[in-house]
**Student:** 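One structure, as structure tokens, below. Some questions next.
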Amino acid sequence: MITKTETAVSLSNIAKHYGSVAALHDFSLDIASGELVALLGPSGCGKTTVLRILGGLDLEHDGNIVVAGTDITGMPSDKRNMGMVFQAYSLFPNMTVEENVEYGLRVRKVSVAERRKRSAELLEMVHLGHRGKSLPHQLSGGQQQRVALARALAISPKVLLLDEPLSALDAQVRVQIREEIRRIQLETGTTTLFVTHDQEEAMAVADRVGVMNLGQLEQIDSPATLYNNPKSPFAASFVGITNKIPAEIVGSGKVKILNQVVSVSEYAGKMENGAKVVALVRPENFEMVSEDQSGSTTGRVVTKSFLGPMTKLGVELGIPSLVSVNLTSSDARKISIGDSLSLVVSSESVMVDRV
Amino acid sequence: MKRLFSSGFKYLVLAIALIFFVLPVVSALEFSLRKTGGHGHALTNYSWIFQQEDFSLNLMISLKLAALTAAITLLTVVPAVAYLHIEGQRYKRLFEFLAILPLVVPVVSLAIGAQKAMPEFIQNSQYELAFFYVVISIPYTFQSLNVGLSSIPLKTLVEASRSLGASFRKTITMVILPAIRSAVNAALFLAITLSFGEFTLTSLLHWETFPVWITRVSQGNILGSIALSMFSLIGAWLLLIIVQSAQTFKSRSKSQPKEAAV
Ligand SMILES: Nc1ncnc2c1ncn2[C@@H]1O[C@H](COP(=O)(O)OP(=O)(O)O)[C@@H](O)[C@H]1O
Ligand SMILES: [Mg+2]
């Protein structure tokens, strides 16, 4: 049974500079044993840098790394016993699939019989048991990444490091393989750090998601907590809040959005009365009301897309950008493009950000 | 789109090219088979080659030098270019420029200057030539390796191998060299042919190798010298064919029929 209590990996105060550019500063992260942590953030925020530093591919940095109670700061990559899966295809082109998976055991001088057995097991686990004798270029992108995963797991790594392993694959394969990664990770109980810029991917696979911005960890929480309580406008914008509506602070803790006054959520920081702000409102936090309801705003429906149980509308509300509104498809059935629609913000509080 | 060349024109170009390249070779071959003075053809000029006393001696010297040149290239130039790609990306331009220098520096200065830089015991041995041949072939070997290394995701492969527990040396021999095998073969082939044909520098330093010897003995026998040239040419072709077929054989024995991909 896997217990997620003890700390497997502890990064403290990691900093990394490229010349005068700080790729990472004051980055600290603990990962529990058997846990899958996803690092989420836009391109260039330092995700790969964290992964490379933990994997020992980049030894020039400040701060300490402790894995399973041992300080491994400065230890080169080949001594760390961490499996890595890269964004780009990284299989050794001249070796068969089987030889690729066995490589880590071969350099550890494991006997032929034993490594054959292990590679067969792992290839079975990623559903490629029949492709052991193929060469990498004979496999699809998804298959290649599955072999890369098997190869990384063959050495029974202390930590598994995945750097946007799915970003080169097409959408359908991406979902399929991320589920496989999660299944295998749970099965083997491997402590894992998974880097991605895809919010949905991070939420789908991780025990905890860490949102990164400009070389720092903004927030790390379970997917549900992160979604419901983003602690900064940046984190909020990264977990599905798309509407930025011009608003104004009116009295302490109150904000006027469109024709309505609602509370400001506690994380927004102090702002003065009359300050111009933007309110961040989720598409699902609008409610369709009758035109004469107080506080409602009426606008014109410009786009409509059916998403199964939900329907997404784009509504002109007299502000520069279209407001994106999700309604249940049964509510939205009667609405057509060109209709006028009255809305209120249904959530008790909203997050605001400086303009 | 309109086709640029009609197929008739293509064949004409091909024919002209063939005449241009094949005709001199065929003529030389015919010439080399003529009997001295009189009419008719025979292998006399070829048997003359083998009757020359230092023939096999000099052939052996040149073969040894070629092998040594290839070995030095493999042990120094290949890892150096690989290292340049992995760690020294920002110096790549500089080294690309430096690698051209052996073509630009006059052979005389190279010969005298570089010889002075070598330790005494190497200066006194004919094997010093192998080091010169390595330098002379660098503009070609460097380029070939450069192209080969650029065609693979080198950095990722190295990092994958290192993270799996391999040392840098193991990574080079087990992963990188096999991945760029054809570029390495091409570089070695270039080093071998260049060293096998080098004349100017060798004669400047007063060593006798196969090409120097050919020039000397052929001064007394025109037909014999042509036979010698044909002999070298055919020898080089044979070498090329052997290297190529060994390579195709190896890669064919490894590949497999492609199956449906997910
Ligand atoms: N080798 C490098 N030289 C200079 N700057 C770099 C290098 N690698 C990364 N950076 C910079 O460090 C920052 C973080 O990069 P990275 O960790 O790759 O981001 P991410 O993986 O989140 O996209 C970026 O601003 C990037 O430009
Ligand atoms: Mg990255």
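Residue numbers begin at 1 in each chain, while the letters A, B, ... track the order of the sequences.
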**Student:** For A/M82, which atoms come within 4.5 Å of any heavy atom of chain B: side chain, backbone, both, or neither?
**Tutor:**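 Contact with chain B: backbone only.
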**Student:** Under 4.5 Å heavy-atom distance to chain B, tell me which part of A/L91 shows up: side chain, backbone, both or neither.
**Tutor:**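 It is the backbone, since no side chain atom gets that close.
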**Student:** Please step through side chain to side chain contact (heavy atoms under 4.5 Å, CB included) for the pair B/K170 and A/D78, ending with a clear verdict.
**Tutor:** CA-CA 11 Å; B/K170 264 191 185 153; A/D78 55 334; over 6 Å; no
**Student:** Top residue by heavy-atom pair count (under 4.5 Å) with chain A, among B/A179, B/S167, B/S161?
**Tutor:**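 Sorted descending by pairs with chain A, the first entry is B/S161.
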**Student:** Within this structure, what is the CD-CE distance for the pair A/E99 and B/M174, rounded to the nearest 0.5 Å?
**Tutor:**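 Interatomic distance, A/E99 CD to B/M174 CE, rounded to 0.5 Å: 9.5 Å.
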**Student:** Measure B/P153 against the heavy atoms of chain A and call it side chain, backbone, both or neither at under 4.5 Å.
**Tutor:**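 Side chain of B/P153 only, per the 4.5 Å heavy-atom cut-off to chain A.
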**Student:** Measuring from A/Y89:OH to B/L157:CG, what's the distance to the nearest 0.5 Å?
**Tutor:**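 Result: 14.0 Å between the selected atoms.
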**Student:** Heavy atoms only, distances under 4.5 angstrom: which of A/R151, A/Q87, A/H127, A/R80 has the most pairs with chain B? Name it, please.
**Tutor:**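 When all of A/R151, A/Q87, A/H127, A/R80 are compared, A/R151 has the most.
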**Student:** Check this for me: A/K117, atom NZ, are more than 12 non-hydrogen atoms of other residues, nucleotides or ligands nearer than 6.0 Å?
**Tutor:**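 Counting neighbours around NZ of A/K117, 12 or fewer heavy atoms of other residues, nucleotides or ligands fall under 6.0 Å, so no.
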**Student:** Tell me if the OH atom of B/Y83 is crowded by more than 12 foreign heavy atoms within 6.0 Å.
**Tutor:**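 Open.
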**Student:** More than 12 non-hydrogen atoms from neighbouring residues, nucleotides or ligands closer than 6.0 Å to CD on B/Q89, yes or no?
**Tutor:**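 Yes, because the 6.0 Å sphere around CD of B/Q89 holds more than 12 heavy atoms from other groups.
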**Student:** Would you give the length of the straight line joining atom CD1 of B/I152 to atom CZ of A/F92, rounded to the nearest 0.5 angstrom?
**Tutor:**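 So the CD1 of B/I152 and the CZ of A/F92 are separated by 10.5 Å.
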**Student:** Working to the nearest 0.5 angstrom, can you tell me the gap between A/R52 CZ and B/E159 CD?
**Tutor:**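 Answer for the CZ-CD pair, A/R52 versus B/E159, is 4.0 Å.
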**Student:** Considering all heavy atoms of both residues, which atom of B/G165 and which atom of A/R108 are nearest to each other, and what is their separation?
**Tutor:**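 In this case the closest contact between B/G165 and A/R108 is CA-NH1, 4.2 Å.
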**Student:** In terms of heavy-atom pairs under 4.5 Å with chain B, which of A/V107, A/L161, A/L105 leads?
**Tutor:**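 The residue among A/V107, A/L161, A/L105 with the greatest pair count is A/V107.
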**Student:** List the atom of B/T171, the atom of A/Y103, and the distance in Å for their closest heavy-atom pair.
**Tutor:**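 B/T171 and A/Y103 have their closest heavy atoms at CA-OH, 4.2 Å.
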